[in-house]
Amino acid sequence: MAGPRVASTDEEIARCFPVISELRPHLQADSFVALVRGMEAEGFRLAFIEDKKQIVAAAGFRIFTSLFMGKNLYVDDLVTTGQSRSAGYGKIMLDWLRTVATDAGCAWLHLDSGTQRHRAHRFYFMQGMQVSSFHFSQKLDET
């Protein structure tokens with residue numbers, strides 16, 4: 001197994017789609033690479049773990065500075081394939097993200113997790129994370 005690395009080629013980004021789509025089923029394979037490339041211009045990076053030539057985990061993240069947290073690493077997406085869960089890949093990815101954050105001088109690593117994702121919440125608690133706020137959202141009209 002290779003350690004986590006950032007997807008840098010269109011092929012690597014495309015190979016991450018099946019994993020990311022387990023968490024984000026609304027995404028479309030034919031527009032995924034262009035979407036990620038556009039997000040990269042905003043600081044987004046897509047990382048993955050490959051084992052036996054299969055991508056088993058992926059994480060989208062960005063580093064930015066805010067008034068609240070200072071310089072921080074925000075995890076947009078963190079997912080391990082259904083058949084690869086509980087094999088340690090999530091911990092490997094989260095540990096790698098912590099290292100990326102520390103090396104970049106970040107004061108915080110944080111993420112949001114859907115309220116229905118109870119297994120993910122147990123995992124984050126086991127990794128020393130805590131619930132620090134509520135996240136509110138509102139879908140805006142498209143008219």
Side-chain angles (χ1 to χ4, degrees), residues 1-51 54-82 84-143:
M1 176 194 72
R5 67 182 193 267
V6 173
S8 59
T9 67
D10 287 356
E11 185 220 356
E12 288 174 337
I13 293 169
R15 290 183 61 230
C16 291
F17 177 78
V19 180
I20 290 291
S21 68
E22 288 190 28
L23 181 64
R24 309 285 183 222
H26 66 281
L27 296 175
Q28 300 296 312
D30 60 350
S31 60
F32 184 67
V33 172
L35 177 62
V36 170
R37 290 298 191 199
M39 292 170 64
E40 286 175 337
E42 301 171 343
F44 180 84
R45 290 187 274 174
L46 180 62
F48 65 95
I49 297 174
E50 188 173 25
D51 194 5
Q54 295 293 318
I55 295 180
V56 294
F61 67 98
R62 58 189 80 227
I63 295 173
F64 64 95
T65 303
S66 68
L67 295 174
F68 173 60
M69 290 188 165
K71 191 171 185 182
N72 66 88
L73 186 148
Y74 178 76
V75 180
D76 291 54
D77 316 282
L78 176 57
V79 60
T80 300
T81 61
S84 299
R85 289 200 182 107
S86 299
Y89 299 117
K91 180 178 180 352
I92 291 166
M93 183 65 82
L94 196 55
D95 288 346
W96 181 82
L97 289 164
R98 284 187 190 107
T99 299
V100 169
T102 301
D103 290 351
C106 295
W108 292 91
L109 179 143
H110 60 118
L111 56 82
D112 291 321
S113 180
T115 56
Q116 77 285 3
R117 299 190 68 227
H118 302 290
R119 287 185 62 199
H121 302 164
R122 279 194 304 272
F123 169 74
Y124 297 135
F125 286 132
M126 288 177 13
Q127 298 307 308
M129 299 185 89
Q130 55 189 315
V131 176
S132 59
S133 65
F134 289 102
H135 177 91
F136 295 90
S137 63
Q138 180 181 33
K139 175 108 173 95
L140 302 175
D141 290 338
E142 297 183 23
T143 57

For the student: nearest non-hydrogen atoms of S21 and P18, plus distance: OG-O, 3.0 Å
Verdict with reasoning, L46 to I20, per side-chain contact (heavy atoms from CB on, under 4.5 Å): CA-CA 10 Å; L46 180 62; I20 290 291; 4.0 Å; yes
Side chain to side chain, L109 and V100, heavy atoms closer than 4.5 Å: no
With F61 via ring pair (Phe, Tyr, Trp, His ring centres under 6.0 Å) - residues at least two apart: W96
Sequence-distant partners of K91, salt bridge (charged side-chain N to carboxylate O under 4.0 Å, His left out), two or more places apart: D95
Distance in Å, T80 OG1 paired with E22 CD, rounded so as to fall on 0.5 Å steps: 9.0 Å
Distance, nearest 0.5 Å, that separates CZ of F44 from CZ of F64: 13.0 Å
Residue pairs involving residues 2-34 (criterion ring pair (Phe, Tyr, Trp, His ring centres under 6.0 Å); sequence neighbours excluded): F17-F32
With sequence neighbours excluded, residues passing side-chain hydrogen bond (donor to acceptor under 3.5 Å, both in side chains) with T99: none
Contact list for residues 73-82, test salt bridge (charged side-chain N to carboxylate O under 4.0 Å, His left out), sequence neighbours left out: R24-D77, R62-D76
A104: side-chain contact (heavy atoms from CB on, under 4.5 Å) partners, not counting sequence neighbours: I63, K71, C106
Listed partners of E50 passing salt bridge (charged side-chain N to carboxylate O under 4.0 Å, His left out), at least two apart: R5, R15
Distance in Å, I49 CD1 paired with S84 OG, rounded so as to fall on 0.5 Å steps: 10.0 Å
Summary of side-chain hydrogen bond (donor to acceptor under 3.5 Å, both in side chains) pairs that have at least one residue in residues 30-40, sequence neighbours excluded: D10-R37, R37-E40
Of all pairs that satisfy side-chain hydrogen bond (donor to acceptor under 3.5 Å, both in side chains), the ones with a partner from residues 100-111, not counting sequence neighbours: N72-H110
Pairwise side-chain contact, R85 with V79, heavy-atom cut-off 4.5 Å (strictly under): yes
Using residues 116-131 as the side-chain source, report each donor-acceptor pair under 3.5 Å to any protein atom, sequence neighbours left out, with the distance given to one decimal.
from	atom 1	to	atom 2	distance (Å)
H121	NE2	S113	OG	3.1
H121	NE2	G114	O	2.8
H121	NE2	R117	O	3.4

